[in-house]
Structures are given as C-alpha cells and as structure tokens.
Amino acid sequence: MLIATWNVNSIRTRLAQVMDWLEEVKPDVLCLQETKVEDALFPNSEFEQKGYNVCFHGQKSYNGVALISHHPIKDLRVGLVGELPHSLAAKQLSNQARVLSALINEIRIVNLYVPNGSAVGSEKYIYKLEWLNCLKQYINAQALRDEPLCILGDFNIALEDKDIHTPQALSGGIMASEDERSALKSVLGNRLRDAFRIFESDTNHWSWWNYRSGAWNRDKGWRIDHIYLSEELANNSSSCEIHKQVRGNLQPSDHVPVLVDINWPPEDDQDDALEDLFI
DNA sequence: ATGTCGAAATCGTTTCGA
C-alpha cells in the first residue's frame with residue numbers, strides 16, 4: 001500500500017502537476033497540505049473522475065488539508081476536535097484548517113499541517129508549541145483506539161541537525177529550535193517511527209526548498225515533511241522515498257511528495273484469509 | 001537584498017503568510 005504526503009502550496013495552482021504525479025505514481029492514498037481553498041471551491045471532481053475518493057477541510061487563502069484515496073475513506077475526523085477534552089478543543093486555536101484523519105484500508109491516517117511558527121519567540125511560535133501540545137493529547141487519545149497509525153504531513157520541524165542543509169547556521173532557529181523538537185518528540189513518544197529513517201540515515205535528503213535565495217539550485221533544503229508509523233506498519237514497510245525531481249517542475253510547490261510503501265495487510269493475514277477460503 | 005511565491009483586497013499594486 002502506497003501512502004504519500006505533499007504540501008502543494010495551493011491545490012488550484014498545482015492541480016495539473018498533482019494529476020500528472022497521481023497518474024505516474026498511482027499511490028493508494030495522497031494526503032495534501034496547504035490547499036489554500038475553501039471547501040466550496042475545492043476541485044474534487046477532477047479527482048473523482050479518475051476514480052478517487054476525496055475529503056477536504058479548507059479555508060480561504062491559508063492552510064487546508066485533503067485526503068485523496070482509492071480505498072473508501074471511513075470515520076473521517078475533522079480538526080483536533082473529537083479526541084480532545086472540550087476545554088482543549090475550544091483552545092485549539094482559532095479554527096485553522098490543519099488536521100484531517102480517517103480510517104483507510106484499516107489504517108488510521110492523520111494528515112497534518114503543523115503551524116510554521118514564523119520566528120522563535122513570536123506569537124505564532126507560541127501558537128505552534130501550544131498546537132503541538134494539543135496534538136500530543138489528540139495522538140495519545142487516538143493511540144488508545146488500538147488502530148495501526150500513520151501520521152504524516154508538513155511538520156515544519158527538522159527533528160535533527162542532519163535534516164537541515166546548514167545546521168551550524170540554522171539549528172536553534174525556527175523549525176529547528178529545541179522547544180519545537182522536544183514538542184514533536186513528545187507527540188511521537190516511543191510509539192511512532194520516522195519511516196524515512198528506517199531506510200536512510202544520511203544527511204542531504206530534503207523535502208522542502210525555500211523559493212527564495214536560489215535554494216533549489218544550490219540544493220539548500222530541509223527535511224520537514226514526514227511520515228510516522230506505528231510498530232506494525234513500520235515492521236511491514238518496504239521503502240520510503242522523497243520525490244525530489246518534482247521540485248524541478250515548472251511552477252513547482254516549494255515542497256515535494258514523500259511516499260511510503262507498506263505491505264498491508266501483512267502477508268500473514270493474507271495467507272490466513274487464503275487458508276480460510278479452502279477450509 | 002528575507003533575493004520568491006500564492007491569495008486576496010486595497011483591484012494592477014500592496015499586504016500577509018510562508
């Protein structure tokens with residue numbers, strides 16, 4: 001089962017590129033962030049004509065998340081509300097469209113657009129840390145459901161120095177501060193594994209290149225788009241790839257897709273199902 | 001040179017967010 005995440009920086013501007021990529025890669029599930037469109041204007045029919053199910057949660061101009069899936073999308077949950085105690089849900093922060101979760105092929109998929117945070121110490125930075133604290137409680141509540149868990153999206157955090165092109169200059173700044181890193185580690189606990197790091201431990205693998213300063217031409221990137229898997233999914237994953245070439249498109253997003261391949265349901269289960277047929 | 005994008009309002013240039 002192929003599951004992908006892609007911050008497209010406007011689904012309407014990027015639609016043709018997304019359709020081309022879907023046609024080429026044929027993922028089972030694609031999670032989008034920064035769709036930047038209110039729900040009434042989401043181009044869902046383009047996807048539906050190609051046989052995909054589509055769910056979206058957006059707002060005008062900013063943020064916005066969507067699920068594109070060949071499998072049925074079940075038990076959709078919008079925002080962090082629904083897993084949080086009411087007081088925290090109310091605090092969960094001015095109705096920004098950043099979270100969409102669903103049960104797809106028996107996997108709980110949580111699609112996230114984590115706040116950017118602007119600058120360390122700013123109002124938006126405080127918001128980011130509070131939001132991550134809400135997310136931690138959401139994930140803790142989710143974990144009690146005992147579903148295989150895949151949490152993915154634009155985290156706007158480089159967990160380690162090797163996830164940044166120039167750590168000596170950037171470590172400690174926005175997306176690489178100790179507070180952000182410990183907040184994300186606290187969300188993950190010891191239950192969730194970074195799918196990319198199961199297969200690759202080296203630096204120089206990026207998922208985002210700033211539009212400014214010729215970052216792409218100089219390959220000055222960050223790895224801030226992640227896929228986290230609970231144990232049974234991690235144990236059955238066979239690859240995790242960053243589709244770097246997409247950043248070379250005309251009018252690209254500043255982010256590229258990240259894709260995990262999971263043997264799911266596991267072979268054992270399939271064998272059991274097969275045996276059942278012949279009993 | 002925080003050097004570029006994308007969306008929206010202030011509509012054709014500026015602002016905000018990233």
Side-chain angles (χ1 to χ4, degrees), chain A residues 5-21 31-44 46 56-66 92-99 111-132 135 152-159 163-177 179-181 183-184 206-226 242-258:
Chain A
T5 175
W6 191 3
N7 178 324
V8 289
N9 186 18
S10 171
I11 185 57
R12 287 177 293 176
T13 295
R14 225 65 65 197
L15 186 59
Q17 283 179 56
V18 173
M19 299 312 298
D20 287 350
W21 186 83
C31 297
L32 302 176
Q33 305 89 35
E34 277 205 273
T35 53
K36 290 188 168 179
V37 65
E38 56 201 303
D39 290 348
L41 299 177
F42 193 97
N44 49 303
E46 301 273 344
F56 40 88
H57 172 45
Q59 63 189 98
K60 194 186 275 194
S61 292
Y62 308 120
N63 309 317
V65 281
Q92 191 273 123
L93 309 165
S94 58
N95 302 318
Q96 297 188 15
R98 297 181 177 280
V99 182
N111 178 17
L112 298 177
Y113 177 48
V114 175
N116 170 279
S118 189
V120 173
S122 68
E123 205 171 299
K124 293 194 179 79
Y125 179 78
I126 304 300
Y127 176 91
K128 182 178 193 175
L129 295 177
E130 285 182 359
W131 192 92
L132 286 165
L135 178 66
L152 73 174
D154 176 3
F155 284 79
N156 270 316
I157 297 172
L159 255 192
D163 298 319
I164 322 174
H165 62 82
T166 312
Q168 54 275 32
L170 300 168
S171 193
I174 192 63
M175 303 194 292
S177 70
D179 285 345
E180 291 164 272
R181 287 173 171 177
L184 178 51
W206 321 126
S207 68
W208 171 77
W209 295 257
N210 201 322
Y211 284 125
R212 290 182 278 197
S213 311
W216 167 246
N217 289 327
R218 298 187 297 133
D219 198 26
K220 301 290 188 186
W222 296 58
R223 195 177 70 88
I224 56 176
D225 300 271
H226 308 153
I242 300 175
H243 280 199
K244 178 179 183 175
Q245 70 279 7
V246 168
R247 187 61 173 79
N249 289 354
L250 280 168
Q251 276 202 296
S253 170
D254 43 354
H255 297 252
V256 298
V258 183

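Residue numbering restarts at 1 for every chain, and letters A, B, ... go by the order of the sequence lines. Small disclaimer: the values here were computed from a predicted structure and weren't measured.
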Practice prompt. Would you classify A:Arg14 as touching base, sugar-phosphate or nothing, given that sugar-phosphate means primed atoms plus P, OP1 and OP2, and contacts are heavy atoms under 4.0 Å?
Written response: sugar-phosphate
Discussion item. Measuring only between side-chain heavy atoms, which start at C-beta, is A:Val256 closer than 4.5 Å to A:Trp209?
Written reply: yes
Worksheet, complete the sentence: When A:Asp154 and A:Gln251 are each assigned the nearest nucleotide of DNA chain B, the 5'-most assignment goes to A:Gln251
Worksheet item: 5'-most contact on DNA chain B: A:Thr35 or A:Tyr113, nearest heavy atom basis?
Response: A:Thr35
Discussion item. Nearest 0.5 angstrom please: A:Glu38 CD to A:Gln59 CD, how far?
Written reply: 10.0 Å
Considering only the [atom1] atoms, how many Å lie between [N] and [M], rounded to the nearest integer?
{"N": "B:dC11", "M": "B:dC16", "atom1": "P", "answer": "15 Å"}
{"N": "B:dA7", "M": "B:dG12", "atom1": "C1'", "answer": "15 Å"}
{"N": "B:dT15", "M": "B:dT10", "atom1": "C1'", "answer": "8 Å"}
{"N": "B:dA18", "M": "B:dG3", "atom1": "C1'", "answer": "15 Å"}

Discussion item. I'd like to know whether the aromatic ring centres of A:Trp6 and A:His243 sit less than 6.0 Å apart in this structure.
Written reply: no
Worksheet item: Under 3.5 Å, is there a donor-acceptor pair between the A:Asn116 and A:Tyr125 side chains?
Response: no
Fill in: Range on DNA chain B touched by chain A, heavy atoms, distance below 4.0 Å
B:dT2 to B:dA18
Practice prompt. Name all pairs fulfilling the salt bridge (charged side-chain N to carboxylate O under 4.0 Å, His left out) condition that reach into residues 163-172 of chain A, sequence neighbours left out, sorted by first residue then second.
Written response: A:Asp163-A:Arg197, A:Asp163-A:Arg223
Item to complete: Given salt bridge (charged side-chain N to carboxylate O under 4.0 Å, His left out), test A:Asp20 with A:Arg14 step by step and report yes or no.
Response: CA-CA 10 Å; A:Asp20 287 350; A:Arg14 225 65 65 197; over 6 Å; no
